[in-house]
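A, B, ... follow the sequence lines: proteins, then strands. Residue 1 opens every chain.
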Number of protein chains: 2
Amino acid sequence: MGDVAARAGVAKTTLYRRWASKNELVVDAVAALFDEHLELPDRGSLQADIEGVVLRFAALLERPETKTALMAVVAESTRDDALRDRIRSAIVDRQKSLVLLGRERAQARGELPREDDPEVAARTADLIFDVIAGAVVHRTLVSAESVDEEWARTFAGVLVGGLGSATGARTPDGLNSSPSGV
Amino acid sequence: MGDVAARAGVAKTTLYRRWASKNELVVDAVAALFDEHLELPDRGSLQADIEGVVLRFAALLERPETKTALMAVVAESTRDDALRDRIRSAIVDRQKSLVLLGRERAQARGELPREDDPEVAARTADLIFDVIAGAVVHRTLVSAESVDEEWARTFAGVLVGGLGSATGARTPDGLNSSPSGV
DNA sequence: GCAGTTACGCTACGGCTCGTAGCGTAAGAG
DNA sequence: CTCTTACGCTACGAGCCGTAGCGTAACTGC
């Protein structure tokens, strides 16, 4: 934090006059990075849109400062509810709009059916968000392997296929079996 | 750490005679929890197997100590390569065997085709692992919503559907469209 | 030009936690 | 009965977050 103040050319006390704690500053910094680097250009298909955002997100996470800062505040948010809420409103909820946009486009293209029940729609959007963000974060940070175009393509293929085939979410446990291999 | 020593009824110095640092101790503790609580009983179908392990994993992660400890070391591993390797060998690689077991069972049931190319098989297993672990972690820690049976069912449905439909990983970008809604 | 408010810089410090040094002591090996 | 091994204990150094207190510059309104 002394370092941050030094690099900003201000005194440490000034930082604490603008942010109540280090964590809040880091959350705002990470949120700004996310807002700046994440977007969802229309690449013509749901699969391509997912590939694009996955690669953008991975590129952001592979920067050492980004991943260190993000994981530090997420880790602390497990024992600080106020921090968790701040992360949600400043980062998570904002980026969730990308999922809504992507679904809207896919529905306009006819790639995904429209869902009338708004609660089901919201739950599905949350699921998609958790799957995309979780998978990319896990791969880059825990598995520590790079997210390249091939991985993005395979991942997007699985997700698109899964969304197309099984989401009505009735009770049965096996409406599976299909072509092409694992 | 003084607390850990106190609760263990030993002196703090004794802890440092067995573990070189706090992080190593935490990694070993989390690894033991994972080994103890994660297993993959045969529930009759790939979908049900995934649901089961997702619920087990989520139950483990919802315990405050588990998630705090896990995320703390993962966060620090972003700036400590030795710690990252220790996490990989003590936790990640061990639990990855669950994916291999689940796939083996699914192949024996005929739910998934066998894959001859071992490299493709390994990459797919890694992908499945990242998707399952990442999605559950992201939902419980970032989205901060509970993983209940309904979520597990929907998630497993999407994953099974995705694995069944699109994984040969050719170039095309749209072999989707199907029944049941998003 | 002048008082009053606002915001900043700076030093010093308290508090917390990780990790270590040094020494005394109990238990098992031969 | 010695020797080794492992443990307990106190004290301490180091690093970082966050704050107190005070001096100082700039900007406002008249």
Side-chain angles (χ1 to χ4, degrees), chain A residues 1-34 61 63-92 137 141-142 144, chain B residues 1-35 60-61 63-92 137 141-142 144:
Chain A
M1 285 295 116
D3 297 4
V4 174
R7 288 182 49 177
V10 298
K12 196 173 56 166
T13 46
T14 301
L15 294 183
Y16 283 99
R17 289 191 182 102
R18 298 193 180 279
W19 288 275
S21 72
K22 182 187 74 160
N23 286 329
E24 297 194 2
L25 184 151
V26 174
V27 169
D28 285 3
V30 173
L33 277 175
F34 274 47
L61 276 187
R63 294 164 55 173
E65 343 93 58
T66 309
K67 67 178 171 194
T68 299
L70 176 66
M71 295 312 292
V73 290
V74 169
E76 294 229 347
S77 76
T78 62
R79 46 179 190 169
D80 182 342
D81 288 347
L83 180 62
R84 180 176 58 72
D85 292 344
R86 192 183 181 93
I87 292 176
R88 277 178 60 113
S89 61
I91 302 177
V92 180
V137 169
L141 298 189
V142 179
Chain B
M1 286 296 114
D3 297 4
V4 174
R7 288 182 51 178
V10 300
K12 197 174 56 168
T13 45
T14 303
L15 294 182
Y16 284 100
R17 289 192 180 102
R18 297 194 180 280
W19 288 275
S21 72
K22 182 187 73 159
N23 286 328
E24 297 193 2
L25 183 151
V26 174
V27 170
D28 284 4
V30 173
L33 276 175
F34 275 47
D35 286 345
L60 192 56
L61 275 187
R63 294 165 53 172
E65 342 93 59
T66 310
K67 68 178 169 194
T68 299
L70 176 66
M71 295 312 291
V73 291
V74 169
E76 293 230 348
S77 77
T78 62
R79 43 177 190 170
D80 181 342
D81 287 348
L83 181 61
R84 180 176 59 71
D85 291 344
R86 194 183 180 95
I87 291 176
R88 278 179 57 115
S89 59
I91 302 178
V92 180
V137 169
L141 298 189
V142 179

Walk me through it: do B:Asn23 and B:Arg86 pass the test side chain to side chain contact (heavy atoms under 4.5 Å, CB included)? CA-CA 10 Å; B:Asn23 286 328; B:Arg86 194 183 180 95; over 6 Å; no
Considering all heavy atoms, the nearest B:Ala144-A:Arg84 contact: CB-NH1, 3.6 Å
Pull out every residue in residues 17-33 of chain B that has a heavy atom closer than 4.0 Å to any atom of DNA chain C, ordered by number, or say none. B:Ser21, B:Lys22
Nearest heavy-atom approach of A:Arg63 to A:Leu33 is NH2-CD2, 4.1 Å
Near DNA chain C, counting only heavy atoms under 4.0 Å, which residues of residues 65-78 of chain A show up? none
Kindly calculate the angle separating the two end axes of the helix from C:dG1-D:dC30 to C:dG30-D:dC1, each obtained from five base pairs, and round it to 10 degrees. 10°
Looking only at heavy atoms, the pair that brings B:Leu83 and B:Val73 closest together is CD2-O, 3.6 Å
Is a donor on one side and an acceptor on the other found under 3.5 Å between the side chain of A:Thr78 and the backbone of A:Ala75? yes
Using 0.5 Å steps for rounding, measure from the CD1 atom of A:Ile87 to the CG atom of A:Leu70. 7.5 Å
Shortest non-hydrogen separation from A:Val27 to A:Ile91 and the atoms involved: O-CD1, 4.1 Å
Would you list the protein and nucleotides 12-16 of chain C atom pairs, both N or O, that sit under 3.5 Å from each other?
none

Report the distance from atom CD of B:Glu76 to atom OG1 of A:Thr68, rounding to the nearest 0.5 Å. 10.0 Å
In whole angstroms, the gap separating P of D:dT19 from CG of A:Leu15 amounts to 12 Å
Separation of atom OH in B:Tyr16 from atom C1' in C:dG22, rounded to whole Å: 18 Å
Just verifying a value: how many Å separate A:Leu25 CG and A:Arg18 CZ, rounded to the nearest 0.5 Å? 11.0 Å
For B:Ser89, the side-chain contact (heavy atoms from CB on, under 4.5 Å) test, sequence neighbours excluded, returns none
Hey, is the side chain of A:Thr14 poking within less than 4.0 Å of OP1 or OP2 on C:dG9, counting only N and O atoms? yes
To check you understand the geometry: which heavy-atom pair defines the closest contact between B:Val30 and B:Ala69, and what is its length? CG2-CB, 3.8 Å
Calculate the interatomic distance between B:Arg79 atom CZ and D:dG15 atom C1'; express it in whole Å. 12 Å
What is the distance from atom CE of B:Met71 to atom CG of A:Leu141, rounded to the nearest 0.5 Å? 8.0 Å
Set of residues satisfying salt bridge (Lys or Arg N to Asp or Glu O under 4.0 Å) with respect to A:Asp85, sequence neighbours excluded: none
